[in-house]
There are 2 protein chains.
Amino acid sequence: MPLPAARYATGMTKPTADQIATLGAAFQAFVRRFKLADAGNFDKPLNELDVQTLLYIARHSDCGPTDIARYLGLAATTISSATDRLAKRGLLERHRIEGDRRAVALRLSEEGSARATAQLEAYNALNVTMLERLEPAERETFIRMVTKIAYHED
Amino acid sequence: MPLPAARYATGMTKPTADQIATLGAAFQAFVRRFKLADAGNFDKPLNELDVQTLLYIARHSDCGPTDIARYLGLAATTISSATDRLAKRGLLERHRIEGDRRAVALRLSEEGSARATAQLEAYNALNVTMLERLEPAERETFIRMVTKIAYHED
DNA sequence: ATTGAATAATCCGAACTTCGTCATATCTGC
DNA sequence: GCAGATATGACGAAGTTCGGATTATTCAAT
């Protein structure tokens with residue numbers, strides 16, 4: 001069931017079809033350009049899930065696999081595989097914890113930590129690139145709008 | 001090798017660390033909220049690669065697998081698998097073309113076409129949602145900025 | 001015409017990923 | 001203690017990408 005065509009005449013609160021199309025084209029171009037520039041990054045590319053897992057552990061040291069599974073909405077066994085891979089690469093360690101001997105505390109190794117911050121800096125570099133393409137005076141406005149869109153209640 | 005910390009003092013053309021962090025957090029929140037709202041879409045979820053393939057064929061009817069492979073930067077055999085899946089679901093047809101009997105012309109079926117436009121409308125709906133969260137007066141500014149970022153030469 | 005190289009697409013097998021099922025160890029409440 | 005819940009890992013099934021080989025066809029040069 002197609003959406004009704006945007007109404008031009010009203011000038012009410014709805015975005016015009018032209019605005020929608022322009023925004024869509026811009027996003028598409030943007031994603032495309034950065035997807036290509038993305039290639040050629042690290043020693044071994046590292047799975048998307050593994051990256052997410054790594055970053056979660058970086059923010060929640062000594063967490064368990066179940067926490068990550070809940071957070072990412074995936075099966076616990078999938079996280080088990082991911083942590084296996086990360087451990088095999090020497091990026092994290094599994095510690096047995098005192099209070100509950102069923103649980104494992106996941107903690108990043110030195111190298112894992114470095115990888116995590118490198119990953120975050122890569123994300124930041126993307127943001128820096130975007131902001132640098134705007135005039136300094138425009139940046140606050142842009143950030144305010146993106147924030148408004150992201151945190152809008154409804 | 002970590003990036004140098006953003007310099008606060010200069011006030012030059014570099015974005016501040018605060019701006020970068022705020023923008024990053026907003027994007028993260030945005031992606032997260034829409035990733036969740038994304039679930040529960042269609043009959044059978046359909047692979048990301050398959051979606052890209054479907055949309056490319058929608059824009060370039062009667063193209064060949066090699067075109068798609070070049071465009072998406074993937075192995076030709078991967079596209080073969082993708083078109084297999086799409087054909088098996090009845091979303092596209094392979095036609096033998098007159099001029100070159102090695103080639104196949106990929107064309108969307110009725111249902112594939114519907115699926116493609118539905119997908120595009122889903123993207124549009126996302127753009128509409130974003131724009132509606134801004135005041136009507138702000139929208140042109142936002143679009144102008146995104147366009148500037150996306151098409152910036154450098 | 002014929003041969004040989006290049007090209008389009010596909011088939012097959014290897015490696016990897018996600019996830020369901022089962023097994024094991026441990027905790028918690030009675 | 002004991003029954004049941006919980007955390008984790010082992011194993012296997014299903015699905016995906018991709019490199020290498022294969023088939024069919026076109027093109028170029030003799």
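Numbers restart at 1 for each chain; the letters A, B, ... are given by sequence-line order, proteins then strands.
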Atom pairs under 3.5 Å, N or O on each side, protein against nucleotides 1-6 of chain D: can you list them with distances?
from  : atom 1 : to     : atom 2 : distance (Å)
D:dT6 : O4'    : A:R102 : NH1    : 3.4
D:dT6 : O2     : A:R102 : NH1    : 2.7

Hey, does the side chain of [X] come within less than 4.0 Å of [N]'s phosphate (OP1/OP2), counting only N and O?
X	N	value
B:T77	D:dG19	no
A:N47	C:dT17	yes
A:R101	C:dA25	no

Nearest of [options] to any side-chain atom of [X]?
X	options	value
B:R85	D:dA10, C:dA8, D:dT16	D:dT16
B:D100	D:dT25, D:dA7, C:dC27	D:dT25
B:T78	D:dT8, C:dT21, D:dC18	D:dC18
B:A75	C:dT17, D:dG19, C:dC19	D:dG19

Between B:K148 and A:R133, what is the shortest heavy-atom contact and its length?
CE-O, 3.6 Å
Provide the closest heavy-atom pair for A:P65 versus A:I79 in the form atom of the first, atom of the second, distance.
O-CG2, 3.7 Å
Please give, in whole Å, the distance from [N] [atom2] to [X] [atom1]?
X	N	atom1	atom2	result
A:I68	D:dT8	CD1	C1'	12 Å
A:L106	D:dT8	CG	P	7 Å
B:R70	C:dA8	CZ	P	7 Å
B:L72	D:dT16	CG	C1'	15 Å
B:D84	D:dG15	CG	C1'	13 Å
B:I97	D:dA24	CD1	C1'	17 Å
A:E98	C:dC27	CD	P	11 Å

Heavy-atom contacts under 4.0 Å between residues 86-96 of chain B and DNA chain C, which residues?
B:R94
Taking 4.0 angstrom as the limit, do B:R94 and B:D84 come out as a salt bridge?
yes
Describe the nucleic acid contact of B:T66 in one word from base, sugar-phosphate, nothing, applying a heavy-atom distance below 4.0 Å.
sugar-phosphate
Across the strands shown, which category fits B:I79 at heavy-atom distances under 4.0 angstrom: base, sugar-phosphate, nothing?
nothing
Heavy-atom distance under 4.5 Å between the side chains of A:R85 and A:L49, does that happen here?
yes
Indicate yes or no: at least one non-hydrogen side-chain atom of A:Y56 is less than 4.5 angstrom from one of A:L72.
no
Are A:V104 and A:L54 co-members of a hydrophobic cluster defined by side-chain heavy atoms under 4.5 Å apart?
no
Is there a path of hydrophobic side-chain contacts, each under 4.5 Å between heavy atoms of I, L, V, M, F, W or Y residues, that connects B:L120 with B:L91?
yes
Please work out which of the three classes, parallel, tilted or perpendicular, describes the rings of A:Y71 and A:H60, given edges at 30° and 60°.
tilted
Residue mapping more 5' on DNA chain C - nearest nucleotide basis, B:S81 or B:G64
B:G64
Rounded distance [0.5 Å steps], CG in A:L108 versus CG in A:L86
8.5 Å
CG of A:L106 to CG of A:L92: how many Å apart, nearest 0.5 Å?
6.0 Å
